[in-house]
Amino acid sequence: NPARAAAAAPAASAGSAPAAAGAASTEVIAKAEVIVRRYLAQPGTEPVVRQAYASVLATQQRLTDAAEQLRLALKDSPKQAQLWLALGEIDLELHDAVTADKDLKQALALVTAEAAENAAARKAAAASAPAGSVAAADDDDDGPGLPPSTQPRSATSPVRLAHVQLLLARAAEQRHDDAAAATWLAQVDPKEADLQVVSLRAGLLARQGKLAEALKMIRGASAATPAEQRYKLLTEVQLLLDQKKLGEAREVLNKANADSPDDVDLVYQEAMVDERLNRLDDMERLLRRIRVLQPDNSQALNTLDYSLA
């Protein structure tokens with residue numbers, strides 16, 4: 001079953017298993033890939049299988065191969081916004097901002113057209129409904145009172161307009177076009193403005209010389225989960241590093257590591273800031289801390305080796 005084979009690879013590669021289990025997972029992925037490739041070589045293949053395969057390739061950082069599969073899927077299904085969106089995300093990962101912009105605008109056009117169709121369907125349903133009915137009363141909202149056949153498809157669509165606008169802003173940022181990035185971010189519905197949107201807006205402010213305003217914006221953003229709090233922290237650190245505020249960035253990381261001493265990524269980040277500050281003894285201490293937490297962390301081991309040499 002090619003669809004199951006395509007789905008098997010991410011399941012097999014998830015988590016941090018021991019070396020033997022990792023080898024077994026690699027073998028499973030290889031066998032699944034043979035099945036999927038054999039199926040995709042046939043005419044009339046299902047685009048969903050190619051999309052699932054592209055997703056697996058992306059998780060393995062085989063981004064060029066993933067993009068190729070998505071482009072092949074789009075030849076058969078050019079009006080699938082989620083395919084254009086996935087391709088645009090990979091383009092951004094490959095730092096091909098120009099191509100990303102084109103692909104994401106394809107997704108934007110499809111999502112916008114779908115929204116217009118849904119709005120027209122709501123109006124038509126409201127116009128044909130008896131006066132005073134729920135459908136007529138719900139003409140101006142998201143249409144919960146409409147019969148199932150006229151419910152807006154965007155309610156279940158996997159592509160959100162705000163997400164496409166966010167990625168278009170990122171593409172503009174990669175092209176060093178801050179004005180275009182700001183324009184895209186300004187179009188995001190305030191109710192959809194998540195931490196990623198706030199982060200990009202803060203970055204634009206910092207590059208305009210408004211670092212204090214940028215830091216205030218990111219520090220004041222709401223964060224309901226530990227993951228969101230961590231995202232805020234890393235954004236703040238990156239803002240400071242981009243503006244060469246190494247000492248302040250180290251203070252933020254040092255406090256964070258005091259609160260979460262076993263967070264390997266944060267320890268490594270502080271070590272790299274110490275290197276830039278020429279605090280080599282502190283850097284070595286932190287890298288040795290990572291060796292205790294994760295003895296097989298090759299990144300920390302390599303950095304420690306080079307620093308000692």
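Only this structure's heavy atoms are used, side chains among them; waters, hydrogens and symmetry mates stay out.
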> So do the side chains of Lys31 and Val36 get within less than 4.5 Å of each other, counting heavy atoms only?
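Contact flag for Lys31/Val36 side chains = no.
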> Would you say that Glu192 contacts His163 through its side chain, given a criterion of any heavy-atom pair below 4.5 Å between the two side chains?
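No, their side chains stay 4.5 Å or more apart.
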> Out of Leu253, Asn257, Val252, Asp259, which one pairs with Lys255 under the side-chain contact (heavy atoms from CB on, under 4.5 Å) rule?
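That would be Asp259.
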> Side chains of Arg276 and Leu241: does their closest heavy-atom pair fall under 4.5 Å?
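Contact flag for Arg276/Leu241 side chains = yes.
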> I need the Gln42 CD to Leu40 CG distance, nearest 0.5 Å.
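Between Gln42 CD and Leu40 CG, I get 8.5 Å after rounding to 0.5 Å.
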> State the CZ-CG distance between Arg160 and Leu85, to the nearest 0.5 angstrom.
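If we round to the nearest 0.5 Å, Arg160:CZ and Leu85:CG are 10.0 Å apart.
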> Of all the heavy-atom pairs spanning Thr45 and Tyr39, show the shortest one and how long it is.
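Smallest interatomic distance, heavy atoms only, reads CG2-O, 3.1 Å.
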> Is the closest side-chain heavy-atom distance between Glu270 and Leu266 below 4.5 Å?
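Glu270 vs Leu266: side chains apart.
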> Could you pull out the closest heavy-atom pair between Ala271 and Met283, with the gap in Å?
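Looking at all heavy atoms of both residues, the closest pair is O-CG, 3.3 Å.
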> Treating Lys232 as the side-chain partner and Ala221 as the backbone partner, does any N or O pair qualify as donor plus acceptor under 3.5 Å?
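Yes, Lys232 side chain to Ala221 backbone: donor-acceptor pair under 3.5 Å.
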> What residues, two or more places apart in sequence or in another chain, satisfy salt bridge (charged side-chain N to carboxylate O under 4.0 Å, His left out) together with Asp178?
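Asp178: salt bridge (charged side-chain N to carboxylate O under 4.0 Å, His left out) contacts with Arg207.
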> For a 4.5 angstrom cut-off between non-hydrogen side-chain atoms, does Asp265 reach Arg230?
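In short, these two side chains touch, coming nearer than 4.5 Å.
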> Any idea which heavy atoms bring Pro47 and Ser77 closest together, and the distance?
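The answer is CG-OG, 3.3 Å.
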> Could you pull out the closest heavy-atom pair between Glu93 and Leu63, with the gap in Å?
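So the two residues come closest at CB-CD1, 3.6 Å.
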> Test of understanding: clusters of I, L, V, M, F, W, Y form through side-chain heavy atoms closer than 4.5 Å, transitively. Do Val237 and Leu200 belong to the same one?
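No; Leu200 is not reachable from Val237 via cluster members.
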> What heavy-atom pair brings Ala202 and Met217 nearest, and what distance separates the two atoms?
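So the two residues come closest at N-SD, 3.8 Å.
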